Number of protein chains: 2
Amino acid sequence: MKNLTKRQEEILNLIKTHILDLGFPPTRADIARSLGFKSPNAAEQHLRAIEKKGFIKILSGASRGIVLNDSENDQIPVIGLVAAGGPILAEENVEKTIPRSNNLLSSDIDYYLRVKGDSMVDIGIFEEDLIGVSKSANTKVGSVVVARINNEVTVKTLIEMTQNKVVLRAENQEYEDIIVNPEVEELAIEGSCVALLRESI
Amino acid sequence: MKNLTKRQEEILNLIKTHILDLGFPPTRADIARSLGFKSPNAAEQHLRAIEKKGFIKILSGASRGIVLNDSENDQIPVIGLVAAGGPILAEENVEKTIPRSNNLLSSDIDYYLRVKGDSMVDIGIFEEDLIGVSKSANTKVGSVVVARINNEVTVKTLIEMTQNKVVLRAENQEYEDIIVNPEVEELAIEGSCVALLRESI
DNA sequence: CAATATACTGTATATAATTACAGTAATTAT
DNA sequence: ATAATTACTGTAATTATATACAGTATATTG
């Protein structure tokens with residue numbers, strides 16, 4: 001699936017917004033009006049280009065016959081046990097996927113991570129809970145982050161972060177702080193925790 | 001909102017199915033074809049009747065301009081502070097609503113209740129969390145329930161329940177058990193907690 | 001008993017919408 | 001260097017669609 005140009009992305013977003021707002025896709029004229037085109041054909045040609053790149057399907061002869069090809073995009077993966085080594089989002093780690101429901105949890109969540117262990121119980125994060133992780137949300141001191149230290153994935157609170165010293169704290173007195181020197185050990189902050197789901201109480 | 005006739009319900013379902021399948025509503029001709037009408041006007045008149053009863057809105061001049069009025073049905077209310085006296089689901093208690101996403105939290109949730117206080121922190125239920133409450137899920141000893149005692153709503157664990165003695169326990173050592181005699185005091189178990197959402201960590 | 005609602009057929013038309021064809025111009029691949 | 005892609009304007013025709021008008025027949029409500 002090729003990348004869309006900036007303009008094409010704009011149009012795809014317009015289509016999605018239109019569907020969200022009104023419940024059905026826009027016409028060529030709607031698109032032209034929204035983006036200031038003077039000819040509906042400008043919209044038509046953009047749509048053809050977007051279809052060619054695989055993001056939509058145009059049903060010929062049907063008014064507003066624009067079908068989104070969102071299936072993968074629409075699902076949020078739930079990551080169970082992370083196998084040592086590979087990337088978190090590797091397919092073998094995906095336990096299941098759940099449909100993205102735009103409004104349910106407002107934050108932008110890239111994946112859910114199933115919590116293992118009791119190291120965060122003091123702030124109400126329990127074993128088997130699902131943590132909503134955002135890769136893009138900015139991590140600062142005090143954030144609960146998903147960190148990978150020497151290929152092991154862990155959820156902790158970020159306490160200190162300088163060039164040669166990173167402190168991660170469990171929210172459970174029985175655990176000690178993890179102090180890492182990123183210049184010596186492998187450390188990656190994979191994302192920060194922005195939401196929590198518990199499926200059984 | 002009046003009830004739909006059998007035929008009108010059939011048409012409303014057809015519209016919903018069409019949207020689910022293709023992503024946009026059917027035309028009058030589509031409806032006529034699907035149900036075997038020989039005139040698109042049959043569909044038109046049904047649509048007008050369904051609109052009059054408040055289930056859809058027809059946008060004039062727009063092709064496929066059928067908007068579902070599903071808002072109440074499809075939304076799960078989020079209950080903030082419960083005003084003393086009235087029913088939990090009374091309109092003044094509804095803080096917002098969030099769309100029901102069948103697969104996200106599998107259990108059948110009738111409403112979300114925003115948690116006040118710290119009485120359940122030991123099992124990871126914190127202030128401002130949203131608890132998914134099911135009215136129909138069977139409550140048994142050990143369940144976390146939403147109880148109403150003398151018009152005050154509270155979330156506690158059900159410890160004991162006999163005809164003249166109900167024990168509710170906070171999951172926080174600083175609180176004492178609540179012991180109620182339902183024959184003397186007013187007590188209602190409104191539902192049990194089946195899920196939890198936390199929107200910020 | 002009359003008025004209204006339900007459930008259609010049948011015809012017709014204005015307009016909404018897709019879509020083809022003919023251009024222009026700048027940018028990006030090959 | 002040449003072809004393809006991107007990003008449009010402008011026009012026009014065909015088809016898709018909404019929607020009004022004129023009926024028929026049965027059921028329900030006031």
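Per chain, numbering begins at 1; letters A, B, ... match sequence-line order. Values in this document were obtained by computation on a predicted structure and should not be read as measured data.
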Find the distance L47(B):CG to dA7(C):P and express it as a whole number of Å. 13 Å
Quick test of your reading of the model: are R114(B) and E199(B) salt-bridged, counting only N-O distances below 4.0 Å? yes
Atom pair distance, as rounded to whole Å: CG in N3(B) and P in dA5(C): 16 Å
Where each pair must be Watson-Crick or G-U wobble with both distances under 3.5 Å, what dot-bracket representation of DNA chain C is obtained, with crossing pairs in [ ] and other-strand partners as |? ||||||||||||||||||||||||||||||
If we count only N and O atoms by modelled type, under 3.5 Å, do the side chains of N150(B) and E185(B) hold a donor and an acceptor together? yes
Per the side chain to side chain contact (heavy atoms under 4.5 Å, CB included) rule, which among L12(A), N69(A), I11(A), I15(A) passes with F55(A)? L12(A)
Distance from Y175(A) atom OH to L168(A) atom CG, nearest 0.5 Å? 14.5 Å
In plain terms, say whether K6(B) and E10(B) are close enough for a salt bridge, that is, a side-chain N and a carboxylate O under 4.0 Å apart. no
Grab the CZ-P distance between R7(A) and dT28(C) for me, whole Å please. 16 Å
Would one find a side-chain N or O of K38(A) under 4.0 angstrom from OP1 or OP2 of dT24(C)? no
Any Lys/Arg nitrogen of E51(B) or K57(B) sitting under 4.0 Å from an Asp/Glu carboxylate oxygen of the other? no
Roughly how many Å is it from NZ in K53(A) to C1' in dA4(D), rounded to a whole number? 12 Å
Would you call E128(A)-K116(A) a salt bridge at under 4.0 Å N-O? yes
Whether the side chain of N172(B) engages the backbone of D118(B) through a donor-acceptor N/O pair (distance < 3.5 Å, no angle test) should be reported. yes
Tell me whether the OP1 or OP2 atom of dC8(C) has a side-chain N or O from H46(B) closer than 4.0 Å. yes
Whole angstrom value for the distance that separates C1' of dT6(C) from CD1 of I50(B): 12 Å
Please report the distance, rounded to the nearest Å, between CZ in F24(B) and P in dA17(C). 13 Å
From the list I189(B), V155(B), T157(B), T154(B), side chain to side chain contact (heavy atoms under 4.5 Å, CB included) partner of V145(B) resolves to I189(B)
Protein-proximity profile, nucleotides 18-30 of chain D, B/S/- by nucleotide at the 4.0 Å heavy-atom cutoff, equals SBBBB--------
